[in-house]
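Okay, structure first, notes after.
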Amino acid sequence: MAESKKSATLTLDGKTYDLPVHSPTLGPDVLDIRKLYGEADVFTFDPGFTSTAACESAITYIDGDKGELLHRGYPIEQLAAHSSYVEVCYLLLYGELPTASQLADFKSRITRHTMVHEQMHNFFRGFRRDSHPMATMVGVVGAMSAFYHDSLDINDPWQREVAAIRMVAKLPTIAAMAYKYSVGQPFVYPKNALSYAGNFLHMCFAVPAEDYVVNPILEKAMDRIMMLHADHEQNASTSTVRLAGSSGANPFACIAAGIACLWGPAHGGANQACLEMLKEIGTVDRIPEFVAKAKDKNSGFRLMGFGHRVYKNFDPRATVMKESADEVLGLLGVDNNPLLQVAKELERIALSDDYFVSKKLYPNVDFYSGIILEAMGFPTSMFTPIFAISRTVGWISQWKEMIGEKNQKIGRPRQLYIGSPKRDYVDIRHR
Ligand code: ACO
């Protein structure tokens, strides 16, 4: 971290404390409070980390007011238009766009790691058939540390690199196996001649009884969905991965923790929840009823796919995803899909409604991704696993960045204690 040139002053009980202020490449200045507790004996209070920078990072930048998302400086719109998911994986992991030979080498390394240990097949069979694929994935990804002992040493850069490649390569295989298991079909082995996205579709939809030809439209849409979810700065699941990793836990355990966090409906689970909501609304005439419910604080209901902690103008990923939805549904000839009609009308009404406008609640990326995934033939239970596959590269890039830091510390937040003051134990007969 560069020496800070600015400082802020905090006055507390008549004493003043100088707090260094760091200026990032982009974004607001950051007050450095690391010495505050030691010098002033106070903590800061920031539940939900709305004003806290928990780390330094050079990977992804988001400007929520401008609706801007940059990976290593490159705008997501440009990447979506010109790049591919695997190229973005390289960019996130290594910091620069690859040359043609670097990309070919990276692709070949990923491709050669797509199979999972054969004994893992038995491990899958221990799950109930009706398990949610995310439940299976949390277990199986965590169990990778029991299968790949030669990439567990986090202090060895080579082992960290192998773990990263293994994770990016095997997550589609694991998610597809979780799906196949849930529908009672045999597992389909990866096919190295296919692209990353095409191979995933193949492992999900091929059956041994007939040939499966990957539809290039769906392959492109899948690639784009993966790219739009690849990384998103210090979101809940990424922060979970970093916190788990800060204790020295192995990378497979850390990614399993990230998957568990992603599953929640306020985060990655929103794509499934959003599509279920659109189905529940069913027809355009029922939208006002649901909008009214979303505005009623006592209902506990939120419009899924709307709102974002950071984007307070628009979600740039949603803009690209919306284009993809129109394109894919048009090309598949399902553009009169009733869900799309409901989604479009809901978006129109919400964007002109005072409640949503004043609270800056815009459709997020998950608002449209579910419609595309359903048109492709995925059940709603696979939406969040697809998010998990896509985000794995972001998690592992952020984990590698953290582990590579010289002064990396275990994450250990403090608290504002509001429990009982110290008191004496009371014998059970006297309570
Ligand atoms: N529907 C209705 N009201 C909403 C919604 C919504 N989707 N989202 C937020 N609000 C309201 C809240 O009730 C609150 O109102 P108040 O100020 O009157 O109390 C205000 O907007 C601010 O909401 P917070 O929950 O404080 O905002 P926060 O930044 O903590 O939450 C979140 C962001 C979790 C994404 C929220 O907007 C939400 O629950 N959205 C629905 C779930 C969703 O789509 N999640 C996906 C996120 S994107 C991703 O993970 C890829």
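Quick caveat, the model's predicted, so the values are computed rather than measured.
A salt bridge is defined here as a Lys NZ or Arg NE, NH1 or NH2 lying under 4.0 Å from an Asp or Glu carboxylate O, and D326 with K322 fails to meet this definition. Remark: K359 does not engage D353 in a salt bridge, criterion side-chain N to carboxylate O under 4.0 Å. A salt bridge is defined here as a Lys NZ or Arg NE, NH1 or NH2 lying under 4.0 Å from an Asp or Glu carboxylate O, and E347 with K344 fails to meet this definition.
The aromatic rings of H232 and H308 stand perpendicular to each other, their planes meeting at an angle above 60°, with 30° marking the opposite boundary. The aromatic rings of H121 and F187 lie perpendicular to each other, with more than 60° between the two planes, well past the 30° mark. Ring-plane geometry between W263 and H132 is classed as tilted, the angle between the planes lying from 30 to 60 degrees on a 0 to 90 degree scale. By the 30° and 60° cut-offs, the orientation of the rings of Y37 relative to F43 is tilted. Between F290 and F301, the angle of the ring planes goes over 60°, which puts this pair in the perpendicular group of the 30/60° scheme. Using cut-offs of 30° and 60° for the angle between ring planes, the F367 and F306 rings count as perpendicular. Under the 30°/60° scheme for interplanar angles, the aromatic rings of F127 and F123 are found to stand perpendicular.
Minimum heavy-atom separation, F147 to Q119: CE2-CB, 3.8 Å. Contact detail for A249 and W399: the closest heavy-atom pair is O-NE1, 4.3 Å. Here the closest non-hydrogen pair linking A53 and V30 is CB-CG1, 4.1 Å. Considering every non-hydrogen atom in both P385 and S381, the closest pair reads CD-O, 3.1 Å. When all heavy atoms of A318 and Y368 are compared, the closest pair comes out as O-CD1, 4.2 Å. Of all heavy-atom pairs between H229 and S369, the closest is CE1-CB, 4.3 Å.
The distance from the CE atom of M376 to the CG atom of L329 is 10.0 Å, given to the nearest 0.5 Å. For the atom pair CD1 (I165) and CZ (R109), the distance works out to 4.0 Å, reported to the nearest 0.5 Å.
In the model, S108 has a side-chain atom that pairs as donor or acceptor with a side-chain atom of R112 under 3.5 Å. Side chains of T50 and D46: a donor-acceptor N/O pair is present below 3.5 angstrom, by distance only. A side-chain N or O of N271 and one of T384 form a donor-acceptor pair less than 3.5 Å apart. Side-chain contact, N192 with T111: no donor N or O sits under 3.5 Å from an acceptor N or O.
Between F205 and F200, the gap from one ring centroid to the other reaches at least 6.0 Å.
E405 CD: more than 12 foreign heavy atoms inside a 6.0 Å radius. Within 6.0 Å of atom NZ in K191, 12 or fewer heavy atoms from other residues, nucleotides or ligands are found, so the atom counts as exposed in its surroundings. Shown here is R129, whose CZ atom has more than 12 heavy atoms of other residues, nucleotides or ligands within 6.0 Å.
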Where do K295 and D354 land on the salt bridge (charged side-chain N to carboxylate O under 4.0 Å, His left out) test, with the steps shown first? CA-CA 10 Å; K295 292 198 268 186; D354 261 1; over 6 Å; no
Distance-only check: which donor-acceptor pairs under 3.5 Å involve side-chain atoms of residues 76-97, not counting sequence neighbours?
{"residue": "S83", "atom": "OG", "partner": "E87", "partner atom": "OE1", "Å": "2.5"}
{"residue": "S84", "atom": "OG", "partner": "E87", "partner atom": "N", "Å": "3.2"}
{"residue": "Y85", "atom": "OH", "partner": "S390", "partner atom": "O", "Å": "2.9"}
{"residue": "Y94", "atom": "OH", "partner": "E161", "partner atom": "OE1", "Å": "3.4"}
{"residue": "Y94", "atom": "OH", "partner": "E161", "partner atom": "OE2", "Å": "2.4"}

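Within the structure, every pair that satisfies the side-chain hydrogen bond (donor to acceptor under 3.5 Å, both in side chains) test and touches residues 236-245, not counting sequence neighbours, is listed here: Q234-R242, N235-S237, N235-T238, S237-H267, S237-W395, R242-Q398, R242-E401.
Remark: R286 engages E289 in a side chain to side chain donor-acceptor pair (under 3.5 Å) (not counting sequence neighbours).
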